Amino acid sequence: MGRILEKKVARSAVCAAWIIALGACGGGGSCGAVMFPPIAAAPSPVPEIRLRLLASPRPCGARAVGHPPAPTPIPQATIVPSASVSGQCAAPHRIDPSTNAAFADRQGTLANEKDWVRAWIDETYLWFDEVSTTLLAQDYATPVSYFDVLKTPKLTASGKPKDRFHFTANTEQARALAQNGTEIGYGMQLAFIGASAPRDIRVAFTEPGSPAAQAAVARGDRLIEIDGIDVVNGTDVDALNAAIAPQRAGEQHSFKLRANDGTERTLTLASASITRDPVPTLNAFNIGGGKYVGYLLFNEHLATAEYWLTSTMELFRTIGITDLVIDMRYNGGGYLDIASELAYMVSSNAATQGKAFERLQYNSKNPFQLTPEQATMPFHGAALGYSVAPGYALPQLGLTRVTVLSGPDTCSASESVVNSLRGIGITVDLVGGGTCGKPYGFTPQDNCGTSYYAIQFQGVNDKGFGDYGDGFKPTCAVVDDFTHELGDPKEARLAVALHLLGGGVCPTPASASKTDIAMRKAEAERVPYLVRSPILENRLLRPGRQPG
């Protein structure tokens with residue numbers, strides 16, 4: 001098996017690297033000039049959203065025992081139209097720093113903000129009629145804490161909460177992350193194989209050109225100490241969290257890492273503003289029998305992904321790949337438009353013409369007053385202007401089969417790619433772990449500086465299927481392999497994918513280490529490895545854009 005090309009470079013050099021790679025390609029397609037799409041203007045970055053990564057165990061409190069009080073009438077929440085309290089803020093935001101445009105905020109109260117939250121849930125939430133009407137605004141200190149409880153209590157067939165995706169974010173930070181993938185950090189994405197002591201935290205991948213990449217931090221490196229604190233069994237969780245998730249650029253923290261070969265080293269990393277690369281790695285392989293397999297690591301459905309996915313498909317079409325492996329094991333989702341564009345480029349015009357990429361099913365109130373046509377997202381055949389000039393004709397590979405490397409971090413818009421391709425008869429094989437199970441999405445709504453993400457629709461494919469709240473099962477179950485780089489043909493999931501495409505069958509799992517057994521259990525239960533902003537784990541409609 002020979003490699004046709006390999007891309008693992010910073011984005012500033014990517015076009016030159018691809019052109020050089022094309023000069024060496026042989027067989028299986030034309031090596032003519034690659035037509036890269038024109039770039040659309042990108043918004044300027046702003047700060048990111050912060051998370052808590054580790055938690056200390058909570059002590060159990062005593063429960064009072066006694067006779068229940070006599071029944072009393074249960075107060076019911078008062079619900080007003082959301083438009084009557086929209087933008088009435090306890091602390092009005094005057095200027096949006098990302099656009100320098102004036103906000104529509106005006107002076108109001110916290111009660112106004114909480115009234116808006118309750119109204120927005122009642123009007124637009126997919127399961128509005130499953131939300132308790134006895135949850136009262138005065139019992140919650142902030143609009144955010146009130147929003148947190150306003151969701152369905154029902155469970156999936158496997159016993160998981162049906163809505164485990166409800167969240168809020170600072171509006172300014174949310175826009176930066178969804179648009180550009182900009183955040184403060186070191187450029188190393190951590191996989192929490194074991195998040196409680198004894199902890200097992202490893203590097204899943206690094207961003208090209210980031211402080212971590214420049215320090216040669218590699219996939220599989222295990223965190224042993226941070227600022228001298230034992231990561232595995234340490235109890236100073238606040239200090240560990242502060243170092244793992246720095247608040248500002250320029251913070252310096254020391255990390256002791258253990259590589260896959262057992263060697264250890266200590267290095268100091270300074271936090272910086274990191275821009276995520278949605279497609280950091282490409283590769284292609286000649287596996288014999290006239291088969292040329294393209295591979296792309298696709299990590300985020302960001303606005304910038306439109307350019308990199310389009311460029312990649314132009315390249316793959318030029319070199320004449322016959323099969324495709326999309327590595328979405330760590331792709332939590334993002335813009336649904338990007339997912340539609342990717343699915344279109346994978347397939348053919350004959351397969352997609354007149355078909356729905358996804359039909360969005362809202363609650364019985366039809367809160368946005370959409371016609372069936374407006375609630376249907378097509379397979380987009382032209383760029384929408386996220387990062388490619390709008391109207392640019394997207395390339396197509398014309399494939400009837402695609403292989404997706406998956407796991408419990410494969411979520412939402414990534415699952416839409418799988419479900420929607422299957423909906424038009426494209427065979428999609430999953431190699432790895434089961435996906436997270438999120439056939440739901442929303443258009444984020446901003447109010448008083450907070451963006452609210454309440455589930456508003458369920459997506460179904462052209463055949464009407466969208467019932468995968470417990471995720472998609474893999475065709476071949478293969479535990480994640482942290483001993484090889486992503487895109488390496490020896491990496492376990494990619495190796496099995498190439499084996500299948502060469503006519504092989506799913507391998508029988510060999511005897512496993514204690515860590516592998518734990519990982520298999522976690523993947524079978526859809527326990528995600530990555531801890532990241534929920535903005536990156538969603539099916540988002542861009543504000544102001546209707547599905548069609």
Side-chain angles (χ1 to χ4, degrees), residues 5 7 14-15 18 22 28-30 32-40 277-284 292-328 331 333-358 377-405 410 413-429 461-462 539:
L5 61 93
K7 177 236 177 189
V14 68
C15 292
W18 282 349
L22 283 172
S30 169
V34 182
M35 299 299 294
F36 292 106
I39 301 175
D277 186 339
V279 187
T281 303
L282 308 179
N283 220 329
Y292 300 89
V293 182
Y295 166 91
L296 71 148
L297 174 62
F298 179 32
N299 285 339
E300 320 279 0
H301 286 74
L302 300 171
T304 52
E306 185 178 55
Y307 178 83
W308 295 102
L309 289 171
T310 305
S311 300
T312 298
M313 295 307 170
E314 293 280 18
L315 173 67
F316 284 165
R317 184 175 65 171
T318 299
I319 65 175
I321 68 161
T322 58
D323 295 275
L324 179 66
V325 176
I326 307 174
D327 193 340
M328 294 197 290
N331 192 322
Y335 286 123
L336 195 59
D337 284 327
I338 302 297
S340 172
E341 291 180 353
L342 172 59
Y344 174 85
M345 290 189 282
V346 165
S347 53
S348 66
N349 189 59
T352 59
Q353 189 169 19
K355 301 292 181 65
F357 170 75
E358 193 161 280
M377 178 169 286
F379 286 86
H380 294 310
L384 296 175
Y386 283 89
S387 53
V388 172
Y392 180 83
L394 299 177
Q396 286 190 295
L397 299 181
L399 302 178
T400 58
R401 177 183 185 182
V402 64
T403 304
V404 171
L405 306 188
T410 306
S414 296
E415 292 173 298
S416 282
V417 174
V418 174
N419 193 47
S420 297
L421 285 174
R422 287 176 172 174
I424 58 170
I426 305 297
T427 299
V428 182
D429 293 321
N461 65 19
D462 193 70
R539 194 188 241 96

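This one's a predicted model, so the numbers in the text were calculated from it and none came from an experiment. Quick note: numbers below take in every heavy atom, side chains included, and nothing from hydrogens, waters or symmetry partners.
Nearest heavy-atom pair across Ser387 and Ala303 is OG-O, 2.7 Å. In plain terms, the two heavy atoms of Ala413 and Ala339 that are nearest each other are O-CB, 3.6 Å. Counting all heavy atoms, side chain and backbone alike, Trp308 lies closest to Pro278 at CD1-CG, 4.1 Å. Among all heavy-atom pairs drawn from Asn461 and Ser420, the shortest one is CB-CA, 4.0 Å. Closest approach of Gly333 to Ser414, counting heavy atoms only: N-OG, 4.0 Å. Looking at every heavy atom in both residues, Ile426 comes nearest to Leu399 through CD1-O, 3.5 Å.
Side-chain contact check for Asp337 versus Tyr386: some heavy-atom pair is nearer than 4.5 Å. Residues Phe316 and Ile319 meet the side-chain proximity criterion, which asks for heavy atoms closer than 4.5 Å. Side-chain contact between Val346 and Val417: absent, with no pair of heavy atoms (C-beta onward) separated by less than 4.5 Å. The shortest distance between side-chain heavy atoms of Leu336 and His301 does not fall below 4.5 Å. Side chains of Leu405 and Phe298 form no contact here, defined as non-hydrogen atoms less than 4.5 Å apart. Side-chain contact check for Val279 versus Leu297: every heavy-atom pair is 4.5 Å or farther apart. In this structure the side chain of Pro37 reaches within 4.5 angstrom of the side chain of Ser311, judged on heavy atoms. Taking 4.5 Å as the limit, every side-chain heavy atom of Met313 sits out of range of all side-chain heavy atoms of Ile321.
Note on ring orientation: taking the six-membered ring where Trp is involved, the planes of Phe357 and Phe379 are perpendicular (angle over 60°, cut-offs 30° and 60°).
A donor atom on one side chain and an acceptor atom on the other are not found under 3.5 Å apart for Asn299 and Asn331. Defined by atom type and a distance below 3.5 Å, a donor-acceptor pair is present between the side-chain atoms of Ser416 and Glu358.
Every salt bridge (Lys or Arg N to Asp or Glu O under 4.0 Å) that Arg401 has, sequence neighbours left out, goes to Asp429. Scored by the side-chain hydrogen bond (donor to acceptor under 3.5 Å, both in side chains) test, Asp462 finds no partners at all (sequence neighbours excluded).
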Could you give me the CA-CA distance, side-chain angles and deciding distance for Leu309 and Met345, then say whether side-chain contact (heavy atoms from CB on, under 4.5 Å) is met?
CA-CA 9 Å; Leu309 289 171; Met345 290 189 282; 4.0 Å; yes

Applying side-chain contact (heavy atoms from CB on, under 4.5 Å) to Thr400 and Thr427, what does each step give before you reach the verdict?
CA-CA 6 Å; Thr400 58; Thr427 299; over 6 Å; no

Assess the residue pair Val293 and Leu324 against the criterion (side-chain contact (heavy atoms from CB on, under 4.5 Å)); give the C-alpha distance rounded to whole Å, side-chain angles, the decisive distance to 0.1 Å, and a yes or no.
CA-CA 5 Å; Val293 182; Leu324 179 66; over 6 Å; no

Set out, in order, the CA-CA distance, both residues' side-chain angles and the distance that settles side-chain contact (heavy atoms from CB on, under 4.5 Å) for Val325 and Asn283, then state yes or no.
CA-CA 10 Å; Val325 176; Asn283 220 329; over 6 Å; no

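Side-chain N or O atoms of Arg422 include one that pairs as donor or acceptor with a backbone N or O of Val428 at under 3.5 Å. Looking at Thr352, its side chain does come within 3.5 Å of a backbone N or O of Ser348 through a donor-acceptor pair.
Screening Thr281, Asp327, Thr403, Asp323 against Tyr295 for a side-chain hydrogen bond (donor to acceptor under 3.5 Å, both in side chains) leaves a single residue, Asp327.
Leu296 CG to Leu342 CG: the interatomic distance, rounded to the nearest 0.5 Å, is 7.0 Å.
The salt bridge (charged side-chain N to carboxylate O under 4.0 Å, His left out) contacts involving residues 301-310 comprise nothing, where partners must be two or more places apart or lie in separate chains.
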